[in-house]
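These notes are about the structure you will find just below.
Numbering of ligands and ligand atoms starts at 1, following listing order. None of these values were measured; they are calculated from a predicted model. Values below: every heavy atom of this structure, side chains too, minus hydrogens, waters and symmetry copies.
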Amino acid sequence: MAQDFFDTPIEYLKGVGPKKAEILQKELRIFTCEGLIRHYPFRYVDRSKFYKVREVNESLPYVQLRGFITNLQTIGEKRSQRMTTTFRDETGILELVWFKGINWVKKSLEANKEYIIFGKPTEFNGRINIVHPELEAANEFSGTMSAMQPVYNSSEKMKLHFLDSKGISKIQKTIISQLPTVINETLPDKLIVDLKLGGLRETLINIHQPSNPDSLKKAEFRLKFEELFYLQLELLKMKVHRKEVNKGVLFPKIGEYFNSFYQQKLPFDLTNAQKRVLKEIRADMGTGKQMNRLLQGDVGSGKTLVALMSMLIALDNGYQACLMAPTELLVTQHFATLNKMLEGLGIKIALLTGSNKTKKRREILEQLISGEIHIVVGTHALIEESVQFKNLGLVVIDEQHRFGVEQRSRLWHKSDVFPHVMVMTATPIPRTLAMTLYGDLDTSIIDELPPGRTPVTTVHRFDSNRLRVFGFMKEQIKEGRQVYVVYPLIEESEKMDYKDLMDGFESISRAFPMPEYQVSIVHGRMKPEARDFEMQRFIKGETQIMVATTVIEVGVDVPNASVMVIESAERFGLSQLHQLRGRVGRGAKQSYCILMSSFKLSSDARTRIETMVRTTDGFEIAEIDMQLRGPGDLAGTQQSGILNLRLADITKDSIILNLARKAAQNILEQDPHLTSPENKCLADVLNKKRRTNTNWSKIS
Ligand code: ADP
Ligand code: MG
């Protein structure tokens, strides 16, 4: 019976009716009482205190006043019309302003009548005013306004139908007054007791009508926990399911390929972190279950090498491997690296990209099916239906966040037995984000850079110092080093950016004249062949300066390059800056990163630049990046459910997230299918979620 109440369509609720119900469905996708009660306030305001006009200033948040209205007047014509009135109490006057709904205001306001008003004070032309105040006749005021009055999100359309914050608040009161005394819990009792959470009923009441800050805090904690807990439960259940169902190819042995590479070809010792991670991967691939592993590591930590050696294990067991990366440039470079490192081992490696000619392409496809090709490196082109393998055993995806989860899974389905999957991130991602974005994967972290690297020295220089920067570049070039100069290229303003790039190229060509200097340029508008040609000249050391857009952001590896100049650095995101800086400091020589900017910097831009100057730790940079941008702006979050969270925020609630993950893990360890009676409520909620999700997709 309790559940019946939650499932009640909202139009049957007193005070809603068909019209309002329709608006709530359209605007907020709220269909049932449960949907409505889960529409939490986004803020609370203090309506218990009355201010005097004299006390009001712009720095106050929301204020409530009692006083009289005089002097209503309409100013301006038609569209730019606004209405103002004077509001007075015994201590002074301020102005109330309306830009919308003027006719309504005119009709309903009475001069010289006492009102209670509520709103945000602002200052305009030296006078305090309140725009669009909430307002109520003092004689109708009930006088029981709470110190924590809820404020609800609402849209213009909703406001037109009396579904503003106040209107929603009224409906919530109705629901709460009708709440059955017993409602079905959404968390197991044990969890509620162990974590000292509030019960669902009291929590829902307290989130809408908190009686004090502590009860609000407790309600928020429980609801945040619940959201994060279910997110983790779903991810971990996926993982459990996959481990049970997805048989993986068994790689029982290490053989010729791996051993000869390790003994004869590997030009350096593996770092301890690389060794540890390889062990984890080997163990995974030896279980007969499908591996799904996220490989995290800072720029330059040697992820590619780990990928390569994992692929050799696949080959040793008679399987093929593929390596997928997001750009042609990166793919081409991986192809070259593999060819160089595996030379002489009798391994056939192919390159498959969108620009393959038909004949060549057909040949590659045939050799993939016949098994003649051992390793294929490619872009999205690898995902296409027409690409089939004889026996694909391992898929490595580099710089994952440019691929969607869905694309990932298409690769799994290229054979009857699922190939092992290893995903490598371009730059580190914060732990909390990894936990939600890749929460269904196992994680390996390379937390150590190869020895002999000197950390890159990073400085910030204003544009006005460009000549000195050029001077420094000349010194470095004289010592035989090479230099990158990178320009931002951001789609919306592409034309402008393109012009900046070309102007920059010209001024560099003038400052570094031929034949003493050779300058390359690489950008997205060039034909791939031309781009390749210029890239190759730089890699071979024929040119000393590479002027480029962010196409060189990922993966490019030229150890002799020791200076990275980033133009308009204030326009780059932190992880992009870190990625770019990772292009230098690859040899033993001291390297430099010079961040150029104008004088005018937003506070975020300043933080980004200061962070880059202060630290080279990619994990720390990733944290700060997420704090600055919020998870919604980070790549990949769209598909992760992070954005459906109502109260929880993974950038701020990491403690709760950890608790939630642990709790979900414990429960699934003991009851992987959630069949025990005490976990029935979990299974019920998951089922319901699944049902309503499909409903939604049909409706929209
Ligand atoms: P990323 O993790 O950014 O993909 P790479 O795999 O491109 O890093 O490695 C960066 C550079 O470090 C490459 O030139 C690679 O050959 C080199 N490298 C990798 N592992 C080691 C190691 N154990 N010792 C020395 N150099 C290494
Ligand atoms: Mg890499």
Margin query: With a cutoff of 4.0 Å, is G297 in contact with ligand 1, counting heavy atoms of the residue only?
Written below: no
Checklist line | Min N/O separation G302 to ligand 1 under 3.5 Å | finding: yes
Item checked: For atom 7 (O) of ligand 1, the option (of L308, V306, T304) bearing the nearest heavy atom -> T304
Checklist line | Proximal ligand 1 atoms for L305, defined as those under 4.0 Å from one of its heavy atoms | finding: 6 (O), 20 (N)
Item checked: Within-shell test, T337 vs ligand 1, heavy atom, strictly < 4.0 Å -> no
Checklist line | Contact partition for M424 relative to ligand 1, non-hydrogen atoms under 4.0 Å | finding: neither
Next item on the list: Report, in ascending order of atom number, the atoms of ligand 1 lying under 4.0 Å from any heavy atom of V299.
Entry: 3 (O)
Next item on the list: Please could you name the atoms of ligand 1 that L270 approaches to less than 4.0 Å, counting only its heavy atoms?
Entry: 23 (N)
Notebook entry, point to check: Quick one: does ligand 1 sit under 4.0 Å from the side chain of D269, the backbone, both or neither, non-hydrogen atoms only?
Noted result: backbone
Check: Applying a 4.0 Å heavy-atom criterion (strictly less than), which segment of D398 is in contact with ligand 1: side chain, backbone, both, or neither?
Finding: neither
Notebook entry, point to check: Is the Lys NZ or Arg CZ of R583 less than 6.0 Å from the centre of Y484's six-membered ring, within 45° of the axis?
Noted result: no
Check: Are any of the side-chain nitrogens in K474 or E516 under 4.0 Å away from the carboxylate oxygens of its partner?
Finding: no
Check: In terms of side-chain geometry, is the basic nitrogen of R537 or E534 positioned less than 4.0 Å from the acidic oxygen of its partner?
Finding: yes
Check: Is there side-chain contact between L305 and M341, with heavy atoms separated by less than 4.5 Å?
Finding: yes
Item checked: For D298, atoms of ligand 1 separated by under 4.0 Å from a heavy atom -> 2 (O)
Note to self: I'd like to know if R629 pairs up with D604 as an ion pair, taking the criterion as any Lys NZ or Arg NE/NH1/NH2 lying under 4.0 Å from an Asp or Glu carboxylate oxygen.
What the structure shows: no
Margin query: I'd like to check which ligand 1 atoms, numbered from 1 as shown, lie under 4.0 Å from a non-hydrogen atom of T271.
Written below: 23 (N)
Checklist line | Within-cut-off N or O pair, G300 and ligand 1, under 3.5 Å | finding: yes
Next item on the list: Please tell me if the side chains of K589 and T454 come closer than 4.5 Å, counting only heavy atoms from C-beta onward.
Entry: no
Notebook entry, point to check: Which ligand 1 atoms does S301 reach within 4.0 Å, using its non-hydrogen atoms?
Noted result: 2 (O), 8 (O)
Check: With distance as the sole criterion, is a donor-acceptor pair present between the side chains of D284 and H420 under 3.5 Å?
Finding: no
Item checked: R361/E384 ion pair, N-O < 4.0 Å -> yes
Checklist line | CE-CD distance between M309 and Q274, expressed to the nearest 0.5 angstrom | finding: 8.5 Å
